[in-house]
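Contents: one structure, followed by commentary.
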Amino acid sequence: MEKLHVFNTLTRSKERFVPLQEGFVGMYVCGPTVYGDAHLGHAKSYVSFDIIVRYLRYLGFKVRYVQNITDVGHLTDDADDGEDKLQKQSIAERKEPMEIAEHYTYTYFRDMDALNVLRPDISPRATGHIPEQIAMIEQLLEKGHAYPADGNVYFDVTSDPDYGKLSGRKLDEAESGTRVNTAGDKRNPADFALWKKADSSHLMQWPSPWGPGYPGWHIECSAMSSKYLGRTFDIHGGGLENQFPHHECEIAQSECAHGQDFVKYWLHNNMVTLNGQKMGKSLGNAISLQQFFTGNHPLLTRSWSPAVIRFFLLQSHYRSTTDFSEQALEAAESGLKNLTSILDTLMKSPDTGKGAHFDTHALQAELEAQMNDDFNTARALAVLFDRLKPLRTAVTSGQIPVNMAEVKDLLSRFTVDVLGLQQTENIPADGTEKLDAALQLIIELRAQARKERDWPTADLIRDRLAAAGIRIEDGPAGSTYKID
RNA sequence: GGCGACAUGGCCGAGUGGCUAGGCAGAGGUCUGCAAAACCUCGUACGGCGGUUCGAAUCCGCCUGUCGCCUCCA
């Protein structure tokens, strides 16, 4: 595709992406609730939207990327018998709720940094926007879309004829569902809480016109997105499981409060599964990213680097489920190692040579065509493998394209800036030159030994270096080394 | 029960009405003192049953299976 198209959940179709304001994109993605370590599912979601932000910027859009931090614990349901997860965790760890939130906010960003996920431009905290949320609830009350009930405030879904437009759910259908409980003071089972009354045992609470309490789950995203991106903005993203009720409720609140469209494009990433089951915190089958990075989990036989996790995720489409297995990770690791090696060779080659001109425009068009088709990273990677292998063959045989500088520039922009892959091998930065000098000497001595057909010495050098993690590779133009 | 997805070769995983996805693993070969790397060649896959079509893995219907949402959740 020549122009960017995205799959919009709202219309269930791929649409040409045209921002509301030319050249600018406002994007909001639902962030984590910070009461536990981020797991592979978070990685799938945030790597996916990271790619989307990076690609939009590559295309020249000025993007403002907002991703909330939910540091208010929400109940497990809208009835009054649920647990507050942050509160539960704070009791378990014997810490203040804000200590819990602070700690897991820190680990969240630490793990995302490791995955090379760029930080959002704004990471608003729900607790830092209580007044904005209260103001929005008041607006909804004024317009007759909400009603107070014994210190609680509920959104009246029957007041919104559009309710259900995102998820395709109709109110009477939801009512017949077996799992909808009616809270005592709700008018309609589908009504959802905007504000919840807190009793004295509830640790996180704020004063409000309706008495002490805390905000409902959905209102924070409506309040914070409109504050930083305006009442109507371009992209709202999040995990597929949040489509209903969370995003549906966000739309209802925002559109009823503001009287205008909320979001132009809704993008949803699919789930990570483990043995075919969704990976989730509350399901107890989540493997945290730290556990992947350290290998410290019963289901893991070894550690896996963040770069491998990222590459593994990029090999499937963000709207497809990604089934996790160590076998799949292993394949991804080998594939990444290969691609990295190719890129490394190309990026280290001279800026120009005697080889034929390389058609960078064709390659760029091919890569963009894939990314323009709803961010098809899997195909973009296939293009890289396809086109770069022959190029490496040319380069290693001395046929460096005359416009190699141009090639390197494109590769850097696409693989480093857009895909977020590391283009060079993991050579320790410190003392690299001295190490290189030493290795060059060793290689020279080994070359001498080989010349004298002293195979035992040559092989001893190679084996001992290999044992130290340095691979010697003999080629027609001499030997090179790679550090694993 | 309601709504919605998906089912691809040993594994992962794209995709289009007819033409090679790609990665990983595997087999054979070239090169090499050996090894590694690289390069060349190789699998003719699309859940089942019907239908539309000159032609379908790709469109339609039915069936089977798996999963997601309907409760906190990326």
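Quick note on labels: first sequence line is chain A, next is B, and so on, each numbered from 1.
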Give a yes/no on whether any side-chain N or O of [X] is located under 4.0 angstrom from OP1 or OP2 of [N].
| X | N | answer |
| --- | --- | --- |
| Gln277(A) | C67(B) | yes |
| Asn376(A) | G15(B) | yes |
| Ser320(A) | A14(B) | yes |
| Lys482(A) | A37(B) | no |

- When the distance from CZ of Arg450(A) to P of U32(B) is rounded to whole Å, what number comes out?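 Taking atom P of U32(B) as the reference, CZ of Arg450(A) is at 11 Å.
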
- Can you check the Leu289(A) CG to A74(B) P distance for me, whole Å?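 Answer to the nearest Å: 12 Å.
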
- Query: Between the side chains of Thr70(A) and Asn68(A), is a donor N or O closer than 3.5 angstrom to an acceptor N or O?
  - Reply: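 Per modelled atom types, Thr70(A) and Asn68(A) side chains form a pair under 3.5 Å.
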
- Task: Could you walk me through whether Thr322(A) and Gln315(A) pass the side chain to side chain contact (heavy atoms under 4.5 Å, CB included) test, one step at a time?
- Result: CA-CA 9 Å; Thr322(A) 301; Gln315(A) 276 189 308; over 6 Å; no

- Message: Over all strands shown, is Leu40(A) touching base, sugar-phosphate only, or nothing at heavy-atom distances under 4.0 angstrom?
- Response: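 No contact at all - Leu40(A) keeps every heavy atom at 4.0 Å or more from the nucleic acid.
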
Side-chain donor-acceptor pairs of residues 375-385 of chain A under 3.5 Å, sequence neighbours excluded:
residue: Asn376(A); atom: OD1; partner: Ala378(A); partner atom: N; Å: 3.4
residue: Asn376(A); atom: OD1; partner: Arg379(A); partner atom: N; Å: 3.1
residue: Thr377(A); atom: OG1; partner: Leu314(A); partner atom: O; Å: 2.7

Between [options], which one does the side chain of [X] approach most closely?
| X | options | value |
| --- | --- | --- |
| Arg169(A) | A74(B), A36(B), C69(B) | C69(B) |
| Lys278(A) | C69(B), C39(B), A37(B) | C69(B) |
| His317(A) | A38(B), A14(B), C12(B) | A14(B) |

- Query: So what is the 5' to 3' dot-bracket string for RNA chain B, if pairs are Watson-Crick or G-U wobble with both distances under 3.5 Å, crossing pairs use [ ] and | means the partner sits on another strand?
  - Reply: (((((((..(((.....[...))).(((((.......)))))....(((((..]....))))))))))))....

Heavy-atom check, side chain of [X] versus side chain of [Y], under 4.5 Å:
| X | Y | result |
| --- | --- | --- |
| Asp162(A) | Ile251(A) | no |
| Arg119(A) | Phe109(A) | yes |
| Asn116(A) | Asp50(A) | no |

- Item | Ile472(A) vs Gln243(A), nearer the 5' end of RNA chain B by closest nucleotide |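 Its nearest nucleotide being more 5', the pick is Ile472(A).
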
- Message: According to ring pair (Phe, Tyr, Trp, His ring centres under 6.0 Å), who are the partners of Tyr108(A), at least two apart in sequence or on a separate chain?
- Response: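 Ring pair (Phe, Tyr, Trp, His ring centres under 6.0 Å) check on Tyr108(A) returns Tyr46(A).
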
- Query: Is there a donor and acceptor pair, one atom on the side chain of Asp323(A) and one on the base of C12(B), closer than 3.5 Å?
  - Reply: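 When only heavy-atom distances are counted, Asp323(A) does not reach the base of C12(B) through any donor-acceptor pair under 3.5 Å.
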
- Below 4.0 angstrom, N of the basic side chain to O of the carboxylate: do Lys482(A) and Asp344(A) qualify?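 Looking at Lys482(A) and Asp344(A), the cut-off is not met.
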
- Query: Is Lys165(A) salt-bridged to Asp160(A), cutoff N-O under 4.0 Å?
  - Reply: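 A salt bridge is absent here (no side-chain N lies under 4.0 Å from a carboxylate O).
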
- Query: Ring centroid separation for Phe312(A) and Phe292(A), is it under 6.0 angstrom?
  - Reply: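 That pair fails the under 6.0 Å test.
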
- Task: Could I get the full list of salt bridge (charged side-chain N to carboxylate O under 4.0 Å, His left out) partners for Lys88(A), not counting sequence neighbours?
- Result: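 Scan of Lys88(A) (salt bridge (charged side-chain N to carboxylate O under 4.0 Å, His left out), adjacent residues dropped) gives Glu83(A).
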
- Item | B/S/- contact track for nucleotides 20-30 of chain B, protein heavy atom under 4.0 Å | -BSBS------

- Query: Contacts to RNA chain B from residues 453-463 of chain A, heavy-atom cutoff under 4.0 Å, which residues?
  - Reply: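 Of all residues in residues 453-463 of chain A, the ones placing a heavy atom under 4.0 Å from RNA chain B are Trp455(A), Asp459(A), Arg462(A).
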
